[in-house]
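First up is the structure itself, then whatever we jot down about it.
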There are 2 protein chains.
Amino acid sequence: MTAAPAAARRPRRHDPGRRDRLVDTALDVIARDGVAAASHRAIARAADVPLGSLTYHFASLTDLLSAAFTRHVDTAASRFDERMRAAGSPAAALEALVEHLTGDLLGSSRDLVLTVELYVAAARNPALRAVTQDWMSRSRRSLERHLDPVTAREIDALVEGLVLHSALSTDPMDADGIRNALHRLAGPVR
Amino acid sequence: MTAAPAAARRPRRHDPGRRDRLVDTALDVIARDGVAAASHRAIARAADVPLGSLTYHFASLTDLLSAAFTRHVDTAASRFDERMRAAGSPAAALEALVEHLTGDLLGSSRDLVLTVELYVAAARNPALRAVTQDWMSRSRRSLERHLDPVTAREIDALVEGLVLHSALSTDPMDADGIRNALHRLAGPVR
DNA sequence: CAGTCATAGGAACGAGCGTACACATCGCTC
DNA sequence: GAGCGATGTGTACGCTCGTTCCTATGACTG
C-alpha cells in the first residue's frame, strides 16, 4: 500500500519558525540575485514554501524586504561593534578595521553585497531609509569608541567608498593600501 | 473642413535625432524613478513616442540603458576632467573637488543619483560593468593630473564614500567638513 | 473529544513587462 | 514619378509580478 504518500518532498505541514526562515531566505536571494530579483515567487521557491505563505506572514513585499534588511543591519552592526569594543586602542581599532575590510568583506562578499543593495533600495524606498540610517549611525557610534567624532565621520565615509570600490572595481585595494589610507586619514594615533 | 486633423498632439512623423532624444529621456527617467523603473513603456511615455519606436532604435532594453549610461559617463567624466585640468596646483585641485562635491553634486543631485544607479545596475548587469570601470578609471586619471597615483586612488575612494553619504544621509557633511577630510587624506600639498 | 482558530496551500485576477511583427509612411535615388 | 529601403506606429503574445481569496489542516483549549 506504499506507506508514504509518495510525494513528500515538502513535509512542512506544521512549521513553526517559518517566518524567521523566510527572512533569512530573502537575504540569501538578495545576496545572490539582487533586490530587484527578490520577488515573492523567487523567495518562496528558494525557501520551498507555497506562494501564499509569504503574503500570510508579511503584509507586503516591502514589509518582507524591510524585515530582511533590518536583520542584516542588526547582525552586521553588532559584529562590527564587537570588533571595535574588542580593540584596546585607536591603533588597534584601525587594524581591526583593516581586517574587517579585507577579511569579512572581501573574503565572503555576502555582507558587502547586501549593504550595497540596501543603499540602492533605500534610495527609492522610504520604508528602507530608516534602516540605512540606523546602520550609518550605529557604525559611526562604534568608530567613536576610539576616534573623535570628526575623524570617525571621515573614516566612515572612506570605508564606505572602499567598500563600493571593492564591490565593483576589477583591482580592489589590498590590505596594505587600505591600512595606509586609513592611517593617513586618521592622523597620528596612540 | 477643419484644416488640421484635430489630433495633432504628436507631430513627429519625420523625426531625425529621435534616437538621441531617447537616450536623453532614458537618463531623465532613471534619474527620476530609478533604473528599475526605466522600462520601455516608461521611457516611451516620457519621450512621447510609441512603444515600437524603442525596439526599432535599440535591439534590447539593456542596449538602451547601456547607451544612456555611456552618455552620462562621458559628460560627467569630461566635465570633471575639465575642472581638474583648469586647476593650476594640487591645492587648487582639492578646492575644485570641494566645489565639485558641494556644488554640482549636492546642488542638483541628478548626476549623483545617476552615478549611484549605474553602480548598482552594473553590479548585476555585465554589459554595464565596462561603463562603470570606464568612469572609475577616467576619474582617477583626472585626479592624477595633480596627485600621485596612490593618493589619487585614496582620494577617489573617499570621494565615492562622501557621495554615497550625501545621497543617503540626513545630515551630509558641509563644505568645511569635506575640505578638511580631503586635506587630511591628501597630506601636505604645494 | 468537539470546536476553534492560527497557519498551510494553491488557484486566480489584473496589471505591467520585453519583445516580435505586420503594416503605414516618408525620403531618396534613378 | 516609380520603386525601395529606412523609419514610424500599433497590436499582440507569452510571461512574471503583487496581491486576494477560498479551502484544508492540525494544534490547542475547554
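In what follows, chains carry the letters A, B, and so on, assigned in the order in which the sequence lines appear, proteins first and then strands, with residues in each chain numbered from 1. Reckoned from all heavy atoms, side chains included, excluding hydrogens, waters and symmetry mates. These numbers were taken from a predicted model, which means no experiment stands behind them.
When each of Pro16(B) and Ser60(A) is assigned the nucleotide of DNA chain D bearing its nearest heavy atom, the one mapping closer to the 5' terminus is Pro16(B).
One can place CG of Leu51(A) at 13 Å from C1' of dC13(C), the figure rounded to the nearest angstrom. Atom CG in Leu61(B) sits roughly 12 Å away from atom P in dA20(C) (whole-Å rounding). Between Asn125(B) atom CG and dG18(C) atom P there is a gap of 13 Å when expressed in whole angstrom units. The distance from atom CZ of Arg21(A) to atom C1' of dT7(C) is 14 Å, rounded to the nearest whole Å. Between the P atom of dA20(C) and the CG atom of Asp63(B) lies a distance of 12 Å, rounded to the nearest Å. If you measure from atom CG of Leu65(A) to atom P of dC17(D), you get 13 Å, rounded to the nearest angstrom. If you measure from atom CZ of Phe58(A) to atom C1' of dT20(D), you get 18 Å, rounded to the nearest angstrom.
Classification of Asp74(B) and Arg138(B) as a salt-bridged pair holds, one side-chain N sitting under 4.0 Å from a carboxylate O.
OP1 or OP2 of dT7(D) lies within a sub-4.0 Å distance of a side-chain N or O belonging to Tyr56(B).
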Contact state string [nucleotides 23-30 of chain D, B base, S sugar-phosphate only, - no protein heavy atom under 4.0 Å]: -BSSS---

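Checking dG9(C), dG18(D), dG8(D) against the side-chain heavy atoms of Arg18(A) singles out dG9(C) as nearest.
Side-chain atoms of Thr151(A) and Asp148(A) include a donor-acceptor pair closer than 3.5 Å. Between the side chains of Ser142(B) and Arg83(B), not a single donor N or O lies within less than 3.5 Å of an accepting N or O.
The only option from Leu158(A), Ile155(A), Leu162(A), Val159(A) that meets the side-chain contact (heavy atoms from CB on, under 4.5 Å) definition with Leu158(B) turns out to be Leu158(A).
Every residue two or more places apart in sequence or in another chain that forms a salt bridge (charged side-chain N to carboxylate O under 4.0 Å, His left out) with Arg124(A) is listed here: Glu117(B).
Remark: Ser39(B), His40(B), Arg41(B) in residues 32-45 of chain B come within less than 4.0 Å of DNA chain C through at least one heavy atom.
Contacts of Leu54(A) with the nucleic acid, taken as non-hydrogen atoms under 4.0 Å apart, are absent.
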